[in-house]
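To keep things clear, I will list the structure first and then write my remarks on it.
Residue numbers start from 1 in every chain, and the chains themselves are labelled A, B, ... in the order their sequence lines are given, proteins ahead of strands.
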Amino acid sequence: MMNSTRCAACKYLRRRCSPDCIFSPYFPPNNPQRFLEVHRIYGASNVAKMLEKAPVNQRAEAANSIHYEAHCRIKDPVYGCAGIITLLNQQINDAQCELAKIQAEIAALNGHHADILPPYQQITDASSFANYPVEGDGAFPATHDPSFPQFYLNS
Amino acid sequence: MGGHSPCASCKLLRRRCTKDCPFAPYFPADDPHKFAIVHKVFGASNISKMLQELPVHQRADAVSSLVYEANARVRDPVYGCVGAISYLQNQVSELQMQLAVAQAEIFCIQMQQDPMAMPTPQFDDDDEGSFLLQHNLPQYLNFASSSSNVIQESFKKESPFGRDMVS
């Protein structure tokens, strides 16, 4: 008799949910949609492989990010998360321009030179994806250049 | 008599590359890494399904974004490209704060210089809140610096699909 507390993955895959099932901590049975979405984009075995590659104490976050990416891909089948990155970069550029304008206006009102405040630090990480989409390019952007992982070390 | 050379995907999958191979236009033989990386993360059949569901004129862009995401996931097995999204979201929030402060400062200066003018503060309400909220997608703020509880909080606030995060 099948254990009624199978995880969402094993329920969907119609198999026994073993005590060491890699999915069960991250795909509870009360949320079948979560596994459906990752399965639709990656497939069960690829999700298992990705979870196995992550350190055990970070697998919950890995599962969350995998699901987030799958969800974004379902919502936007052409650009997925990459589209969000492009739009965020655009939003940052627009905000930086607006801020520079206002800072110049403040400087003018105060009767000082335009560079009264330090300029906002240019976002270079992921900025190489600002011109996405590039036809057939797929080049790996600066998001993951050697300086980028330091962001995680601040946590 | 001579057939065309197999595309990168058919080479990797060791199968015959037919003239209507769905991968051939996007995975040329001279760039084997491109297909290898998406196959590693998504799997060839999932790639094929995703491409088949798209109009032809959008498939090249889809392949580019899939390659990008696959590279990001291989590089960062925990966060993939969601790491970049979280980072950029934080930058957007910070800029919005700086903009609000700067706009308030302008308002104060204008009030001091011409109290009778009483200018209306130009706070752009469209910039309020997350970009992702405007596009009906869940936020992923602070996830790189948080326990999963914080991720749950941010996810639950905006998520259209309820309890998605696990503790």
Next on the checklist: Whether the side chain of B:Ser65 engages the backbone of A:Gly80 through a donor-acceptor N/O pair (distance < 3.5 Å, no angle test) should be reported.
Outcome noted: no
Next on the checklist: Which heavy atom of A:Asn46 sits nearest to which heavy atom of B:Lys40, and what is that distance?
Outcome noted: OD1-O, 3.9 Å
Checklist entry - From B:Ile85 CD1 over to A:Ile84 CD1, what is the distance, rounded to the nearest 0.5 angstrom? => result 4.5 Å
Next on the checklist: To the closest 0.5 Å, what do you measure between OH (B:Tyr79) and CD (A:Glu69)?
Outcome noted: 13.0 Å
Next on the checklist: Among residues at least two apart in sequence or on other chains, which ones pass ring-ring contact (aromatic ring centres under 6.0 Å, His included) with B:Tyr26?
Outcome noted: none
Checklist entry - Looking at CG of B:Leu99 and CD1 of A:Ile102, how far apart are the two atoms once the value is rounded to the nearest 0.5 Å? => result 5.0 Å
Checklist entry - Can you tell me if B:Glu105 uses its side chain to pair, donor with acceptor, with the backbone of A:Ile106 under 3.5 Å? => result no
Item to check | Residues A:Tyr79 and B:Asp61: side-chain donor-acceptor under 3.5 angstrom | outcome: yes
Item to check | side chain to side chain contact (heavy atoms under 4.5 Å, CB included) assessment of B:Val74 paired with A:Lys53 | outcome: CA-CA 9 Å; B:Val74 167; A:Lys53 277 201 169 56; over 6 Å; no
Checklist entry - What part of A:Arg73 is in contact with chain B, defined as an atom under 4.5 angstrom from a non-hydrogen atom: side chain, backbone, both or neither? => result side chain
Item to check | Taking every non-hydrogen atom, the tightest pair across A:Ser65 and B:Val82 | outcome: O-CG2, 3.7 Å
Item to check | Test side chain to side chain contact (heavy atoms under 4.5 Å, CB included) applied to B:Gln91 and A:Gln91, step by step | outcome: CA-CA 10 Å; B:Gln91 300 306 317; A:Gln91 198 176 37; over 6 Å; no
Next on the checklist: Assess the residue pair A:Ile41 and B:Met50 against the criterion (side chain to side chain contact (heavy atoms under 4.5 Å, CB included)); give the C-alpha distance rounded to whole Å, side-chain angles, the decisive distance to 0.1 Å, and a yes or no.
Outcome noted: CA-CA 8 Å; A:Ile41 299 301; B:Met50 284 191 262; 4.2 Å; yes
Item to check | Heavy-atom pair of closest approach, residues A:Ala54 and B:Val78 | outcome: CB-CG2, 4.2 Å
Item to check | For B:Asn46 against A:Gly43, the heavy-atom pair lying closest together | outcome: ND2-N, 3.6 Å
Checklist entry - With B:Lys11, which residues qualify under side-chain contact (heavy atoms from CB on, under 4.5 Å), at least two apart? => result B:Pro6, B:Ala29
Checklist outcome for this item: Okay, B:Val41 and chain A: the region with an atom under 4.5 Å from a heavy atom over there is both
Checklist entry - Any sub-3.5 Å donor-acceptor pair from B:Glu69's side-chain atoms to A:Cys81's backbone N or O? => result yes
